[in-house]
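Below is one structure; the comments refer to it alone.
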Amino acid sequence: MIQLIRGFKDILPEEVELWQHIEKTARSLFEDFGFKEIRIPILEHAELFARSIGEDTDIVEKEMYTFPDGKRGLITLRPEATASVVRAYIQHSLYAKDPIQKFYTIGPMFRRERPQKGRYRQFYQINAEVFGIDSPLIDAQLIFMLVTFFSRLSVTEIETHINSLGCHKCRRDFKDALSIFLSAASEKLCADCKRRSQRNPLRVLDCKVPSCKEAMAEAPSILDYLCDECSIHFNGVKNVLEKFNIPFVIDSLLVRGLDYYTRTTFEIQTSSLGTQNAIAGGGRYDTLVKTLGGPAQPAIGFAIGFDRLVEITDLKSADLGQKPDIFLAALGEKSMSIVFEWFCAFCVDGIKAELDLNGRSLKSQMKRADRLGAEYVLIVGEKELEEGSAILRNMNTKEQAAIPIDDIVERIKKELSQKD
RNA sequence: GUGGGUGUAGCUCAGUCGGUAGAGCACCAGGUUGUGGCCCUGGGGGUCGAGGGUUCAAGCCCCUUCACUCACCCCA
């Protein structure tokens, strides 16, 4: 049989309930914080990602699904959302109406990596982006919003890591110092890190090879190279987080893998996902809007790994599942045709009803009603029809009584609404 | 892209020395002629991941391949 594509997955109905719950929680919280939803396309020109994420990153270099689109050049399945949101902000001159804009978006991203736990080729992200605010207050507020979000989903066991990458000037000074350090330490580094030392020295910082970690223990820290302004900004973020009683770890080795980040970067980590420990990450990208052809507006955002979140939350889909309000058990063809009309009437009126259309025995219908978790069963056989009645059984109390079938849909609606 | 582990019923998994394909759960039916959960009985369901090879004979041995999974890399 034809199977789904490697690294892709189906999200089946019983799990979808959990996804919907998480999505609802995010929408409601983010909207309370003043974020508006923006919906962006899944395909973009390849160039958008090359220019924003960076030509030398792994994402752009080897993980993107890129293919020719007729004669119009290359298009790419988006590997992340920020670039598209920035493009939309610029393309529709949203800054002209108000430079300050707050957006969120939820949807699939695509990266052609080898799949493993918490990593898929099509994966879902919940993104939030803020444009036009320089103040460190917004940095801290985003982190506060994230932490609140996780706590609403009963995700504990998380740790907030923060760092500052400084502005371009601090970063240049730091890179120079780091390069000098790396060339001195070169022989202690793994092969990957030797390569990184040339192409993207910052990446050596978060190498997981023990010998590299050891060699890097004495490496210069970006935090020592922050200019006054960047330093003040970072202190501002830390102060607000402390005021909000949000525990955090300063992690000068936290280097985001996308080139556009500046100043504050952060990551929410969990211990319960194996090696894929980041369930959310983000940071400032104060120069990206200009890089992509827009006005010089600061910006900051984050992405939450939806799939990873689903894996670590203690919430169970079973607790969120929808159960039928009433199960209709019809016996015989005559009953079936009458009950079928009631069945449709219930559904139209927003009562979740279930009817077994296969004409099975009462026993098997009761069994199914029980399995579906229906609170009531309405039993209608030839005997009841002759008497102009039907039997309404409460599955929890096992009490049952005959009720008249005139206006039965209305009667049962009333009965059910009294319960709520 | 590189390495390790695993592929047998819808699910979780046994399967001895190469000799007729198994269990539990789930599903369906009956026990109860029209009443769920517990119990009992029965039933359906398999290209043993796929392809090739060795053999009288392969779920088991050999080769190839695919998928899943964990880790590296990287990231959400």
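Note that these values count all heavy atoms, side chains included, but never hydrogens, waters or copies made by symmetry. Letters A, B, ... are given to chains in the order of the sequence lines, protein chains preceding strands, and every chain is numbered from 1.
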- Task: Could you say whether A:Ala280 or A:Leu331 is positioned toward the 5' end of RNA chain B, judged by the nucleotide with the nearest heavy atom to each?
- Result: A:Leu331
- Query: With a 4.0 Å cut-off on heavy atoms, is A:Gly332 in touch with a base, just the backbone sugar-phosphate, or nothing at all?
  - Reply: nothing
- Query: Does B:G36 have OP1 or OP2 sitting under 4.0 Å from an N or O in the side chain of A:Arg368?
  - Reply: no
- Query: Is A:Ile391 touching bases, backbone alone, or none of the nucleic acid, heavy atoms closer than 4.0 Å?
  - Reply: base
- Side chain of A:Ala278 (C-beta onward), nearest among B:A76, B:G1, B:A71: B:A76
- Task: Kindly say whether, by distance alone, the side chain of A:Arg119 makes a donor-acceptor pair under 3.5 Å with the base of B:C74?
- Result: yes
- Counting any heavy atom closer than 4.0 Å, what does A:Arg371 reach on the DNA or RNA strands: base, sugar-phosphate only, or nothing? sugar-phosphate
- Item | Separation of A:Thr291 OG1 from A:Tyr260 OH (nearest 0.5 Å) | 12.0 Å
- Mind checking A:Ala369 for me? I need base, sugar-phosphate or nothing, with any heavy atom below 4.0 Å counting as a touch. nothing
- Contacts of A:Asp58 and A:Gly7 projected onto RNA chain B by closest heavy atom; the upstream (5') one is A:Gly7
- Would A:Phe306 count as stacked on B:A76 if the rule is ring centres under 5.5 Å and plane angle under 30°? no
- Item | Integer angstrom distance from the C1' of B:A58 to that of B:U16 | 15 Å
- Does the side chain of A:Arg6 get closer than 4.0 angstrom to OP1 or OP2 of B:A67 through an N or O atom? yes
- Query: So, for A:Tyr104 and A:Phe35, is the gap between ring centers shorter than 6.0 Å?
  - Reply: no
- Task: Assign A:Gly282 to base, sugar-phosphate, or nothing according to its heavy-atom contacts below 4.0 angstrom with the strands shown.
- Result: nothing
